[in-house]
Structure formats: C-alpha cells, structure tokens
Amino acid sequence: MKKVQGNDSFQRINYLHQVSKYMSMKNPALSSYYGNLIVSIAKKNVLKIHPDIKRQMCKKCRCTLIHNVTGKMKIRNKNKLKFVVWTCSICKTERKLPIDKNKDHTLWVDKPEAVVEIIN
Ligand SMILES: [Zn+2]
C-alpha cells in the first residue's frame, strides 16, 4: 500500500483547524495560537495548506474568521469586478477574494486535472 507523504501532519492540521474554529467563538487568542501552529507545521514539513482552510484564516493574526464573530464579510465592487472582503475584527486586516461571475475562479484543487492518483 502506498503512503501519503506527510499524512500525519495533514491529520494534525485538520484537527487543529477544527479546534481553532471552535475556540474562535470563545477565545480568539487561543484560535490564533492554533492557527499559528497550523502554519508552522505546514512550513516545517513543506506541505501546502488546503485553500479552504487557508481562506478561513486571517493572514496576519491567523485567527479563524467567522462572520459576525471574529470577522466581517462584505461584497464590494471595484472596476466592475466583485470581491468578497473579509475584515478581521481583532487586527483589522482585510483580505480580498475575487468572485466575478464572468471569470473562472475555480481553485486548482477543485479541477479534475489536479487529481493525479487516488490512494486508498
Ligand atoms: Zn486578524
């Protein structure tokens, strides 16, 4: 059976993300701590954090963003382009993600050509 490289690290990142999300409602500082752990594990093991996890984190304080709890989500227009703007309520950092419907904003990992091999 083939092994997935960095499998136990991925499991740890998954667990820490869940704890971070749960803690962001009660203790945002602890949520940031777990977010920082996720980034340091990924860096140490040279792994990429899944975009779904990465986009839920504040890029500065690494707290998990939840609308009306630890952050604010707005849809903003700029030069006929639409963006989702997340503002962290702890450090006030903004993060813009494009959502224009005329362009293809599908993530690489969601595309069929991203799957090279399926390991059971
Ligand atoms: Zn922040």
Side-chain angles (χ1 to χ4, degrees):
M1 201 176 90
K2 205 172 176 184
K3 274 189 176 175
V4 180
Q5 204 193 346
N7 195 23
D8 43 351
S9 300
F10 281 127
Q11 284 175 0
R12 196 165 168 221
I13 287 168
N14 178 28
Y15 174 75
L16 286 169
H17 172 63
Q18 288 176 56
V19 179
S20 175
K21 201 169 186 179
Y22 177 73
M23 276 302 163
S24 63
M25 296 168 224
K26 299 177 176 185
N27 190 346
L30 204 54
S31 175
S32 306
Y33 171 74
Y34 291 125
N36 275 310
L37 268 181
I38 291 172
V39 175
S40 59
I41 290 163
K43 266 188 188 163
K44 197 180 174 189
N45 299 292
V46 203
L47 301 170
K48 279 192 177 165
I49 303 167
H50 194 279
D52 289 346
I53 294 177
K54 208 172 176 182
R55 285 178 172 203
Q56 280 178 50
M57 271 198 293
C58 168
K59 62 181 176 184
K60 195 181 177 192
C61 68
R62 282 151 188 179
C63 175
T64 305
L65 295 166
I66 297 168
H67 183 57
N68 282 338
V69 181
T70 49
K72 285 259 187 305
M73 184 186 66
K74 276 180 195 165
I75 293 171
R76 208 178 280 168
N77 293 301
K78 199 180 182 185
N79 304 327
K80 289 177 185 172
L81 290 168
K82 277 189 176 178
F83 293 95
V84 166
V85 182
W86 276 97
T87 312
C88 176
S89 56
I90 299 154
C91 63
K92 311 289 177 209
T93 306
E94 282 192 355
R95 174 169 222 180
K96 265 193 259 178
L97 299 165
I99 49 157
D100 198 60
K101 65 179 176 184
N102 298 319
K103 281 183 182 173
D104 182 27
H105 288 299
T106 321
L107 294 171
W108 164 251
V109 285
D110 294 335
K111 287 178 183 173
E113 64 257 39
V115 180
V116 177
E117 192 182 356
I118 296 165
I119 301 167
N120 291 311

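For ligands, and for the atoms within them, numbers begin at 1 and follow the listed sequence. The residues of the chain are indexed from 1 along the displayed sequence.
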Original post:
Nearest heavy-atom pair of Thr70 and Ser24: which atoms, and what distance?
Top reply: CG2-O, 3.4 Å
**OP:** Check side-chain hydrogen bond (donor to acceptor under 3.5 Å, both in side chains) between Tyr33 and all other residues, then give those that pass, not counting sequence neighbours.
**Re:** none
Original post:
Linking Ile, Leu, Val, Met, Phe, Trp and Tyr through side-chain heavy atoms less than 4.5 Å apart, which residues share a cluster with Phe10?
Top reply: Leu47
Enumerate, atom names and distances included, each donor-acceptor pair closer than 3.5 Å involving a side-chain atom of residues 74-88, sequence neighbours excluded.
none

Original post:
Donor-acceptor pair, Gln11 side chain versus Asn7 backbone, under 3.5 Å?
Top reply: no
Subject >> Atoms of the protein (N/O/S only) found under 2.8 Å from the Zn ion (ligand 1) >> reply: Cys58 SG, Cys61 SG, Cys88 SG, Cys91 SG
**OP:** Heavy atoms only: give me the nearest Ile118-Val115 pair and the separation to one decimal.
**Re:** CG1-CG1, 4.0 Å
